[in-house]
Amino acid sequence: MNFSSARQYFYQEIQQSDEHIDLVKAALYIAQEEYPHLDSEEYLNGFETMATELQERLPDSRYPLRVIQSINQYLYDDLGFAGNKADYYDPRNSFLNDVIDRRLGIPITLALVYMEISRRIDFPMVGIGMPGHFLIRPDITDMEIFVDAFHRGEVLFAQDCEERLSQMFQQPVQLQPEFLAPVSNRQLLARMLTNLKFIYLKKQELEKSLAAVERILLLFPGVSIELRDRGLIYYQLGYYPQAADDLQTYLAKVPDAEDSVAIRRLLAELGR
């Protein structure tokens with residue numbers, strides 16, 4: 001595989017079992033494709049510094065809600081982290097180095113900052129891939145409280161999550177157990193890359209969108225939707241043999257897909 005050095009580092013990191021993937025390193029390798037001279041060690045050391053500073057602010061009684069309160073005060077009041085509501089789809093919100101430097105991010109990258117600092121103070125948290133929004137929760141058995149890193153670490157209960165979903169989708173939404181299920185490290189990274197994929201598609205930066213899809217496929221090889229999307233991006237870029245290969249594989253995997261007629265029409269145009 002002829003990868004850039006950043007892509008090689010990313011590939012090597014995700015070859016480990018899921019629980020051993022270092023999310024911060026993997027996220028920095030994602031950013032390194034945009035910023036080739038990024039110094040990952042500088043940001044890793046920055047997390048160590050933040051965790052050390054936070055440790056000094058923790059209460060003597062380590063009740064979860066009090067720890068969350070201390071983390072929130074440190075991240076949002078002392079350091080000034082915030083959700084970028086003014087320019088949510090700025091790609092910099094998805095690059096961990098930019099999030100650290102600018103103190104701005106979207107739910108998933110702010111959640112990653114929160115999770116990493118929490119892990120380093122021995123208060124591990126897990127990602128929650130709620131539809132349309134990303135949350136975290138303490139990794140404590142039977143503790144059903146959720147933290148919204150985008151909204152200054154607001155603490156939510158299941159009923160609050162249901163109300164938040166109904167607001168987002170502008171219609172009543174009944175909470176399903178899978179909405180609040182923890183995500184794996186690979187799923188979290190794929191969700192970050194999916195954000196970048198759609199941001200760059202909207203901006204018609206097709207090569208960058210292609211790079212995002214390629215890394216999703218490193219995480220989850222053979223996923224039909226990503227093969228289709230890579231094929232369509234290849235087509236738009238004029239890489240017709242590659243486009244035909246991906247689209248044929250997509251149809252072989254999902255012959256009755258809703259878009260199968262359109263894909264077959266495109267393949268006919270490509271002489272396949």
Side-chain angles (χ1 to χ4, degrees), residues 1-48 51 91 93-100 105-120 122 124-129 134 136 139 181-200 207-231 233-234 239 242 245-246 249-250 252-254:
M1 287 179 254
N2 187 22
F3 290 161
S4 67
S5 60
R7 186 76 60 90
Q8 288 175 13
Y9 291 140
F10 179 77
Y11 180 74
Q12 289 166 6
E13 187 61 40
I14 64 172
Q15 292 313 293
Q16 305 178 82
S17 59
D18 193 86
E19 65 273 17
H20 290 120
I21 293 173
D22 188 317
L23 283 173
V24 168
K25 286 183 179 179
L28 288 170
Y29 298 146
I30 289 172
Q32 213 164 33
E33 292 205 25
E34 183 75 13
Y35 302 102
H37 301 296
L38 184 154
D39 182 354
S40 295
E41 287 301 318
E42 175 187 341
Y43 291 94
L44 289 166
N45 291 337
F47 274 104
E48 289 288 352
N93 295 329
S94 292
F95 295 126
L96 188 57
N97 61 313
D98 281 325
V99 174
I100 298 294
I106 52 176
I108 196 165
T109 46
L110 291 171
L112 178 52
V113 172
Y114 204 116
M115 288 168 65
E116 181 63 16
I117 292 174
S118 299
R119 183 182 68 80
R120 289 170 184 253
D122 198 27
M125 304 190 79
V126 295
I128 301 296
F134 198 88
I136 50 181
D139 192 10
V183 298
S184 69
N185 288 334
R186 284 185 176 80
Q187 287 171 325
L188 186 150
L189 293 168
R191 190 153 167 166
M192 285 179 63
L193 288 162
T194 299
N195 288 337
L196 282 171
K197 165 185 154 182
F198 286 118
I199 287 168
Y200 286 132
E207 292 282 3
K208 290 183 177 182
S209 186
L210 176 61
V213 176
E214 287 172 341
R215 283 171 287 180
I216 295 170
L217 284 166
L218 289 179
L219 288 160
F220 295 104
V223 172
S224 57
I225 294 298
E226 301 302 334
L227 287 170
R228 180 202 65 186
D229 288 355
R230 187 173 67 178
I233 296 170
Y234 277 149
Y239 304 153
Q242 297 94 324
D245 287 345
D246 274 351
T249 303
Y250 168 65
K253 285 176 170 288
V254 197

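Computed from a predicted model, the values in this text were never measured in an experiment.
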Side-chain contact, heavy-atom cut-off 4.5 Å: Asp245 with Tyr234?
no

Glu34 backbone acceptor or donor facing Lys208 side chain under 3.5 Å
no

Can you give me the closest heavy-atom contact between Ile199 and Ser94, atom names plus distance?
CD1-OG, 4.3 Å

Less than 4.5 Å apart, side chain to side chain, heavy atoms only: is that true for Ile100 and Phe47?
yes

For Ile108, does its backbone N or O pair with a side-chain atom of Arg191 as donor and acceptor, under 3.5 Å?
no

Would you call Leu193 and Phe10 a side-chain contact if the rule is heavy atoms closer than 4.5 Å?
yes

CG (Asp139) and CZ (Arg119) are apart, to the nearest 0.5 Å, by 12.5 Å

Using the side chain to side chain contact (heavy atoms under 4.5 Å, CB included) rule, take Leu188 and Met115 through it: C-alpha gap first, then chi angles, then the decisive distance, then the call.
CA-CA 12 Å; Leu188 186 150; Met115 288 168 65; 4.2 Å; yes

What are the two closest non-hydrogen atoms of Leu217 and Gly222, and how far apart are they?
CD2-N, 3.8 Å

Between Arg120 and Glu116, is there a salt bridge with N-O shorter than 4.0 Å?
yes

Glu33/Arg7 ion pair, N-O < 4.0 Å
yes

Which atoms form the tightest heavy-atom contact between Ala27 and Leu112, and what is the distance?
CB-CD2, 3.7 Å

Does Asn195 form a side chain to side chain contact (heavy atoms under 4.5 Å, CB included) with Ile106? I'd like the steps, not just the answer.
CA-CA 10 Å; Asn195 288 337; Ile106 52 176; 3.6 Å; yes

Answer yes or no: are there more than 12 heavy-atom neighbours, outside Tyr9 itself, under 6.0 Å from its atom OH?
no

Which atom names give the shortest non-hydrogen contact between Ile136 and Ala111, and what distance separates them?
CG2-CB, 3.7 Å

Please round to the nearest 0.5 Å and tell me the distance separating atom CG of Asn185 and atom CD of Glu19.
8.5 Å

Could you measure the distance from the CG atom of Leu110 to the OH atom of Tyr114? Nearest 0.5 Å is fine.
11.5 Å

Rounded to the nearest 0.5 Å, what separates atom NZ in Lys25 from atom CG in Leu96?
13.5 Å

To the nearest 0.5 Å, what is the distance between CG on Leu210 and NZ on Lys197?
11.0 Å

Asp18, CG: over 12 other non-hydrogen atoms inside 6.0 angstrom
yes

Are the side chain of Gln15 and the backbone of Tyr11 linked by a donor-acceptor contact shorter than 3.5 Å?
yes

Shortest non-hydrogen pair, Leu219 vs Ala190, comes out as CD1-N, 3.6 Å

Using a 3.5 Å distance criterion without hydrogens, assess whether the side chain of Arg186 forms a donor-acceptor pair with backbone atoms of Phe220.
no

Here the pair of heavy atoms bringing Ala31 nearest to Asn97 is CB-OD1, 3.3 Å

Beyond-backbone contact of Asp39 with Tyr43, side-chain heavy atoms, under 4.5 angstrom
no

Short side-chain to backbone donor-acceptor contact, Arg215 and Ile30, under 3.5 Å
yes

Under a 3.5 Å distance rule, please check whether Gln32 uses its side chain to pair with a backbone N or O of Leu38 as donor and acceptor.
yes

When you measure from the side chain of Thr109 to the backbone of Asn93, do you find a donor-acceptor pair of N or O atoms at a distance under 3.5 Å?
yes

Let me see the working for Leu196 and Phe95 under side chain to side chain contact (heavy atoms under 4.5 Å, CB included), right down to the final yes or no.
CA-CA 9 Å; Leu196 282 171; Phe95 295 126; 3.7 Å; yes

What distance separates Ile14 CD1 from Asp22 CG, expressed to the nearest 0.5 Å?
13.5 Å

